[in-house]
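Worth knowing before you read on, the calculation uses all heavy atoms, side chains too, and leaves out hydrogens, waters and symmetry mates.
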Amino acid sequence: MIVVSAASGALGRLVIDRLRTRAEVVAAVRDPGRAPSDVAVRRGDYDDPASLLEAFDGATRLLLISSPELDPARRIGHHLAAVAAAVKVGVGAIAYTSFLEADTVATGMTEAHHATEQAILGSGLPYTILRHPFYGEAFIPRISGGELTGSTGGRGLNTAFRSDLAEAAANVLTGEGHLGQAYDFTGPLWSHPEVAEALGVTYRDVPDTAPGPMSWLNAQVRAGALEKQTPDLEQVLGRPAETMVSRVLAQRTVDHL
């Protein structure tokens, strides 16, 4: 039996969809009223450790999807409670959705992921670490006024779409040879000028004047921090991952129907 935690979220629902016909699967969710349909459901609330014991009981595999909590201390607390529950009920193996560089960077946005990876490594449970890049859905370029603009300096992004990451997780949960592995998942590298060329529009780099997370992220892209590439995602999928150009072209076709 495979238990998927945080199964009511966007990634969790996609994983459930890909596991339905491949294994006995249970959706562990904070609010059973928001659980995916046509699947066994258990209440598993990261803020209620006792509920996690019941949610994970009997699992031969557990997919621990990271908490949506943004505060690192609370997020770490959520994850450590989940790992402790998995150990206590004797989960067969745990797969965790981490983030790129969490193995080496213990501060900033990878702080909670680093602490969780360390807890899993120290738990004694068989494990697989799935380090994700940023989700491609949040970065789909938009055309305005007949041109595509951006503040990335034309540098590359290694985003991946949730659909591919969900399929990779399902493959790990149902396949062999993944225990003890840590995968660095990266999508096919793409850039805003490349997308503009595929769409037949011009690209213009504009000053990044908006404060906040996107400004920080654009600076990371301009510095080349999102250009890391590995073959891990393609190998686990058994096929090439979806490209940003193909997603944008498909979406444009639908918009014009």
Side-chain angles (χ1 to χ4, degrees), residues 3-12 14-15 28 30 44-47 49 52 56 61-87 91 93-139 157-162 164-173 178-187 213-214 216-217 219-221 223 225-230 232-233 236 241:
V3 175
V4 178
S5 73
S8 59
L11 178 66
L14 289 170
V15 175
R30 173 177 295 182
D45 185 344
Y46 288 143
D47 283 316
L52 299 177
F56 299 165
R61 296 285 189 273
L62 167 66
L63 176 62
L64 176 57
I65 294 180
S66 57
S67 165
E69 175 62 53
L70 296 180
D71 176 71
R74 279 183 53 78
R75 199 178 208 188
I76 290 171
H78 286 171
H79 295 171
L80 296 192
V83 173
V87 171
V91 164
I94 185 170
Y96 170 61
T97 60
S98 187
F99 196 80
L100 290 175
E101 312 300 340
D103 53 328
T104 57
V105 180
T107 58
M109 67 177 300
T110 56
E111 179 180 353
H113 293 296
H114 180 84
T116 307
E117 287 195 18
Q118 293 303 303
I120 290 171
L121 293 176
S123 72
L125 290 173
Y127 68 88
T128 309
I129 305 297
L130 312 175
R131 299 191 187 107
H132 287 186
F134 287 105
Y135 294 140
E137 289 87 344
F139 291 83
L157 293 89
N158 59 10
T159 61
F161 291 104
R162 285 188 182 92
D164 279 339
L165 296 170
E167 185 174 333
N171 289 349
V172 164
L173 292 165
H178 301 293
L179 295 182
Q181 300 297 316
Y183 294 117
D184 289 337
F185 288 156
T186 62
M214 282 307 300
W216 174 85
L217 191 51
Q220 297 298 302
V221 177
L226 273 66
E227 292 184 335
K228 176 178 180 176
Q229 288 282 277
T230 81
D232 291 1
L233 181 56
V236 173

Please identify each residue that fulfils side chain to side chain donor-acceptor pair (under 3.5 Å) with Thr110, with sequence neighbours left out.
none
With sequence neighbours left out, the residues meeting side chain to side chain donor-acceptor pair (under 3.5 Å) with His132 are none
For Asp184, enumerate each residue passing the salt bridge (charged side-chain N to carboxylate O under 4.0 Å, His left out) test, keeping only those at least two apart in sequence or located in another chain.
Arg131, Lys228
Arg75: which residues meet the salt bridge (charged side-chain N to carboxylate O under 4.0 Å, His left out) condition with it, sequence neighbours left out?
none
What I want to check is whether the side chains of Ser5 and Tyr46 have a donor and an acceptor closer together than 3.5 Å.
yes
His178 and Leu173: CA distance, side-chain angles, deciding distance, side-chain contact (heavy atoms from CB on, under 4.5 Å) verdict:
CA-CA 8 Å; His178 301 293; Leu173 292 165; over 6 Å; no
Write down the atom of [X], the atom of [Y], and the distance for their closest heavy-atom approach.
X      : Y      : result
Gln229 : Gly187 : NE2-O, 2.8 Å
Asn171 : Val236 : ND2-O, 3.0 Å
Leu64  : Ala82  : CD1-CB, 3.6 Å
Ser123 : Val83  : CB-CG1, 3.9 Å
Ala81  : Pro49  : CB-CG, 4.3 Å

Measuring from [X]:[atom1] to [Y]:[atom2], what's the distance to the nearest 0.5 Å?
X      : Y      : atom1 : atom2 : value
Phe161 : Glu167 : CZ    : CD    : 14.5 Å
His78  : Glu69  : NE2   : CD    : 6.0 Å
Leu52  : Leu62  : CG    : CG    : 9.5 Å
Thr159 : Phe139 : OG1   : CZ    : 7.0 Å
Phe134 : Leu157 : CZ    : CG    : 9.5 Å
Ile76  : His114 : CD1   : NE2   : 9.5 Å

Does any part of the side chain of Val87, heavy atoms only, come nearer than 4.5 Å to the side chain of Leu125, both counted from C-beta?
yes
Are Tyr135 and Leu165 packed together at the side-chain level, in the sense that at least one heavy-atom pair is separated by less than 4.5 angstrom?
yes
Per the side chain to side chain contact (heavy atoms under 4.5 Å, CB included) rule, which among Val172, Ile94, Leu63 passes with Thr128?
Val172
Short question: side chain of Asn158, backbone of Thr186 - any donor-acceptor pair under 3.5 Å?
no
Donor-acceptor pair, side chain of Thr97 and main chain of Ser66, under 3.5 angstrom:
yes
What verdict does the side-chain contact (heavy atoms from CB on, under 4.5 Å) test give for Tyr183 and Leu233, after you've listed the backbone C-alpha separation in whole Å, the side-chain angles of each residue and the deciding distance to 0.1 Å?
CA-CA 8 Å; Tyr183 294 117; Leu233 181 56; over 6 Å; no
Using the ring pair (Phe, Tyr, Trp, His ring centres under 6.0 Å) criterion, which residues pair with Tyr96? Sequence neighbours excluded.
His79, His113
Please list, one pair per line, the donor and acceptor atoms closer than 3.5 Å that link side chains of residues 98-108 to other protein atoms, with sequence neighbours excluded.
unit_1	atom_1	unit_2	atom_2	d
Ser98	OG	Glu117	OE2	2.7
Thr104	OG1	Glu101	O	3.4

